[in-house]
Structures are given as C-alpha cells and as structure tokens.
2 protein chains.
Amino acid sequence: MATGRTHRPATRSRGIPEATVARLPLYLRALTALSERSVPTVSSEELAAAAGVNSAKLRKDFSYLGSYGTRGVGYDVEYLVYQISRELGLTQDWPVVIVGIGNLGAALANYGGFASRGFRVAALIDADPAMAGKPVAGIAVQHTDELEHIIEDNGVSIGVIATPAGAAQQVCDRLVAAGVTSILNFAPTVLTVPDGVDVRKVDLSIELQILAFHEQRKAGEDSVQDSGPPAPAARTAAADRKGPDGDVPAVMPA
Amino acid sequence: MATGRTHRPATRSRGIPEATVARLPLYLRALTALSERSVPTVSSEELAAAAGVNSAKLRKDFSYLGSYGTRGVGYDVEYLVYQISRELGLTQDWPVVIVGIGNLGAALANYGGFASRGFRVAALIDADPAMAGKPVAGIAVQHTDELEHIIEDNGVSIGVIATPAGAAQQVCDRLVAAGVTSILNFAPTVLTVPDGVDVRKVDLSIELQILAFHEQRKAGEDSVQDSGPPAPAARTAAADRKGPDGDVPAVMPA
DNA sequence: TCATCTTTGTGCACGCGTTCACAAAGACAT
DNA sequence: ATGTCTTTGTGAACGCGTGCACAAAGATGA
C-alpha cells in the first residue's frame, strides 16, 4: 500500500478513522458496479463480499458516515453511492497535474481511472524541452518553467510526481510553493513537506520486496536453518564486509 | 499505499511484524544511498530521518532482525544492507512475469527499479495477438497462451497483473494454477485467491480519492460547522435525510 | 395489532503497532 | 581500571483497528 506520510498523529478527520477513509473508495467501486446493474439495494453481507472485507467492518465504516441503511432490508445503492462520493469529495472537480512524463507519467496520463471520478488532468509537465508541445494522451506537454503558472491558473491542489528520484524533492517543493497541498508520489524517495500537505506514495519496488519476503518464507519453510548471522559482536570497524554468500548486492533503483 | 490483502489474520512471520517488513525496503534504500557515499556507520536517529520514520520505531524494527548495532556508535551500513537484503530475500534471483502490456505494463517493464534488486523480468505476456513478438523494454511480448509454459519453465513465483479490470481475475486464476504464489495487482479489482497466495494491490484511483477526501477537508475547514454526525439518538424514521451540506441526493429508500 | 424474521448499528474485548523513557552496553579518554 | 558519554535495545503504556455477538429497528404477513 502506498502509505500516507504526514506527521498528523491521529487525524481522525471529522471523526472518520483513516482506515475507514481508505476503504470508502473500495465500497464506492463495488456500489458503482451494482448501480450499473440497476441493483436497488444490498445487504452489508453482499457488499462486504464484493469489496473483499468483513461485513461487520463495513457496517462500522458506514456508521461513521451516518445511518444510511434500513434494518431488515440493507442499503440503498444509489443513495450510498452519492453519500460516499460526497464524503470523498468526488462531487466536485479536481484538476490534477502530472509532473514527469516518462514511461510511467505517460501511462498515468492515459489511465482511464483518472478522468472518471472527478479527477481531470489539467496539465502534463516535463523538464525535457524536447517534450514540450508533444501531445500525450491528447494533452500537450508543457515545460517545467510553466509549473507555477499552471498551478495557479487552474487552481490545482493535487499533484502527481512521476519524475526520477533525484528530481522529486525539488519538484515537490515547487508544487507546494505554488499552492499544491496533496501529492501522489511515484518516485522512490521520501518527500519532505511542510505541515498541512498530504503525501501518499506508490512504490513499485517496495511492494515487490514485501512480496519477496513472504515468498522466501514460504519457500524456506522446511529447509531453513537461519545460517546464523555473522556474529555482530566483535567488529572493530569496516571489518567483515560480506555476507555468507560472498558479495553484496549491486546498485539501487534510479 | 498499496495494501496487502491477504486473509492471514496476524502473520507474524518468523516473529517479524508485517508493519516492520513493510518498512525494511525503506531502510534498505536509505542505507544503500549511504553506502554509495561510503558512509561507514549511522545512528538510528540519522537513518530514521533519512527514511522518514521515528527513531524508536526503527530501533525496534531492527531488534526483530537481531542485535546488529553497536551502542554508542550506531549501525554498520554495509553489514545492515546485507542483513536486510537477506531478510527480504533479495540475495536471490526472483523471476517475474508481467501480464498485460498496455501503457502501464510497458511502463513497468521499463522501470529500472525492477531489474536492480534481485527482480528479473522473465517474460511479458499479453492477450493481444498483434502484440506477440513485439519487443518492449528489449523483451519480446508473448501471447497469453504461453502463460503456463512460461511460469513453469522459468520457475516464476511472482506475477504482476497490469490488465484491464475485467481480465484480472481470470489471469490471476491462471497464474495461481500455474504455480505463482505472489501477485502484485494493478488492476482496479478485488482479486480472490486461495490460501497461501499473497496479493498486494496498487490502486491509482483509490490513492487519489483518499487525497481528495483530505483535500476537501482542508478546504472546508473554516466554513464548516461540523453539524455533528446526526445524533444517533432520536431520529424518527427517514426524517433527516440530508448531508450537512443541506441538499438531498437523488433517491432514497422507499 | 401482534408476531416473526431479517439486517442494521454498536458495545465490548482483544491484539497489533507506536511511542516514551530508561537501563544496559560499549567506546573512548584519563 | 575507572568514569563519562553516546547510542542501542526494550519494558510498559496507550491508542487504533478489528471482529464478535447481540439488542434494537424496521419490514412483512396474519
């Protein structure tokens, strides 16, 4: 999961727990699917199954929004779609800028899920002058120099960073200075932002590494003998460099 | 964040808490950067700052791996890089297949972070016959028909799904049947898998929606009067149907 | 009106994760 | 050796999130 990285200690925003907020989009997706099939009502049990969660959890989540269900019947699909959309702020238009139009940035620009739900790609920004003017996903890429203008002219408050790691913090700083207060970061770096700015990160390689951990565990469940970590004891300085295998890994991702 | 979605209730794998495992890649990245600058040792305070976490948390995390620090000095960078790499299973080679070579799949194939850390793109698979044979990121795309062969021949245990939502579950089933036990899902769907299979999902639009929620909250922070969640107490029936905002949505339960 | 049946909404208990705060451990100087 | 200083490793307290289990609420039918 991309992890929110804000120092807000326990931001129970307006009483809605963060964990619940993170699940609302899931419910919304399931409800939208039901709505398209013209299903009028669902029980917490059915909806929970569709969203892949526990039904008690779902009911408790909805209870934070208010009492929108009818006992003995369930929840009205259309009504709930509206309530969750409103709660998430999807009834309004959110202009978004994507900075860094490489492979990933271009893929994001083309991603349908963007446009669908209140999010509108207001601009694509790249530092490469050669990219300027080139259309990606039907939108002309603009140069980084224009960043501040774009943010202000369009009232953008959400920025997506898809640049290489080295440029991310700098881009982030400029976005924030220009007025952006929410950032979705795809660059493999920890971003530092002032209070009041939300950052969520999506990190490919972290996800893979977590999977690898579990995978290794499954594989070695029978034949593992731990190999006793080279006693961390007596180690003067840069003494024993090298693990049992001999050499250390290569390099880091860009 | 992409959220792990496995029904393992509390898989304290080998005693290492899930939350800690999720942070290890973060530490590893910071440590690798230090290593490249030939920094010999770091204190928990410094490393924690670089990784964007609390130092006490970092120390506790490391304590699950063993006692790798030296009191009064800190941690040996190279040694720790090795230990974490080993713990995460990055000292071995993980062949990975990417299924669904659209915009996103292609971007993933080109992503540097893949190759760098023990992960090797073993094959690119797509259902479109027109894609077959076409090279993406220097690898020829293969047709879905080959999926089972590819998995078995290469001993692939990690699969990445970057297909449209509609195809995801089916692809997932085939991957699992062929022997894949870890899946990274980019398709906006809830995947159902048998026990023993790990699924992590990365969902663009969910991340954006969570940001929108907080963004909306910030925007309305001054003009909002809280309106206290409709007192769960006295509410006759379908009485107060209307959000704090005042207006009523489309429909209501009969 | 009353009885029955379904499904919500929630009180409660439990466990994981986070953080504080401090004692133990080692480095280093004298 | 002994003392001082730094930094680790962890015991303990706390808070959030989860899930059970049940009472309350409403629908439905006689």
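By convention in this document, chain letters (A, B, ...) are assigned in the order of the sequence lines, proteins followed by strands, and residues within each chain are numbered from 1.
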Please determine whether a side-chain nitrogen or oxygen atom of A/S44 lies at a distance below 4.0 Å from atom OP1 or OP2 of C/dT8.
yes
Looking at every heavy atom in both A/V176 and A/P194, which two are closest together, and how far apart are they?
CG1-CG, 3.7 Å
In this structure, how many angstroms lie between the C1' atom of C/dA25 and the OH atom of B/Y75, rounded?
13 Å
Residue met sooner reading DNA chain C from 5', once A/F62 and B/N54 are mapped to nucleotides:
A/F62
Which residue lies toward the 5' end of DNA chain D, A/A19 or A/G72, if each is placed at its nearest nucleotide?
A/A19
Under 3.5 Å donor-acceptor, B/K201 side chain and B/F186 backbone:
no
Return the value, rounded to whole Å, for the distance between atom CG of B/L65 and atom P of D/dT10.
12 Å
Rounded to the Å, how far apart are B/D76 CG and D/dT8 P?
13 Å
Could you state the atom-to-atom distance from CZ of A/R59 to P of C/dT10 in whole Å?
11 Å
May I ask you to check whether A/Y68 and A/Y75 place their ring centres under 6.0 Å from each other?
no
So if I take every side-chain heavy atom of B/K60 and compare against D/dA12, C/dG9, D/dT18, which nucleotide ends up nearest?
D/dA12
When you measure from the side chain of A/S63, which nucleotide among C/dA21, C/dT8, C/dG9 comes out closest?
C/dG9
Using whole Å, report how far CG of A/L24 lies from C1' of D/dG17.
15 Å
Separation between CG of B/D173 and OG1 of B/T192, rounded to the nearest 0.5 Å:
8.0 Å
Taking CG from B/L80 and P from D/dT8, how many angstroms apart are they, rounded to a whole number?
11 Å
Starting at atom CZ of B/R23, determine the distance to atom C1' of C/dT19, rounded to an integer number of angstrom.
12 Å
Closest to the side chain of B/K57, out of C/dG17, C/dT19, D/dA21, is C/dT19
Classify the side chain of B/R71 versus the base of D/dT7 as yes if they form a donor-acceptor pair under 3.5 Å and no if they do not.
no
Separation of B/D61 atom CG from C/dT19 atom P, in whole Å?
11 Å
Approximate separation, where rounding is to 0.5 Å, of B/Q83 CD and B/R86 CZ:
4.5 Å
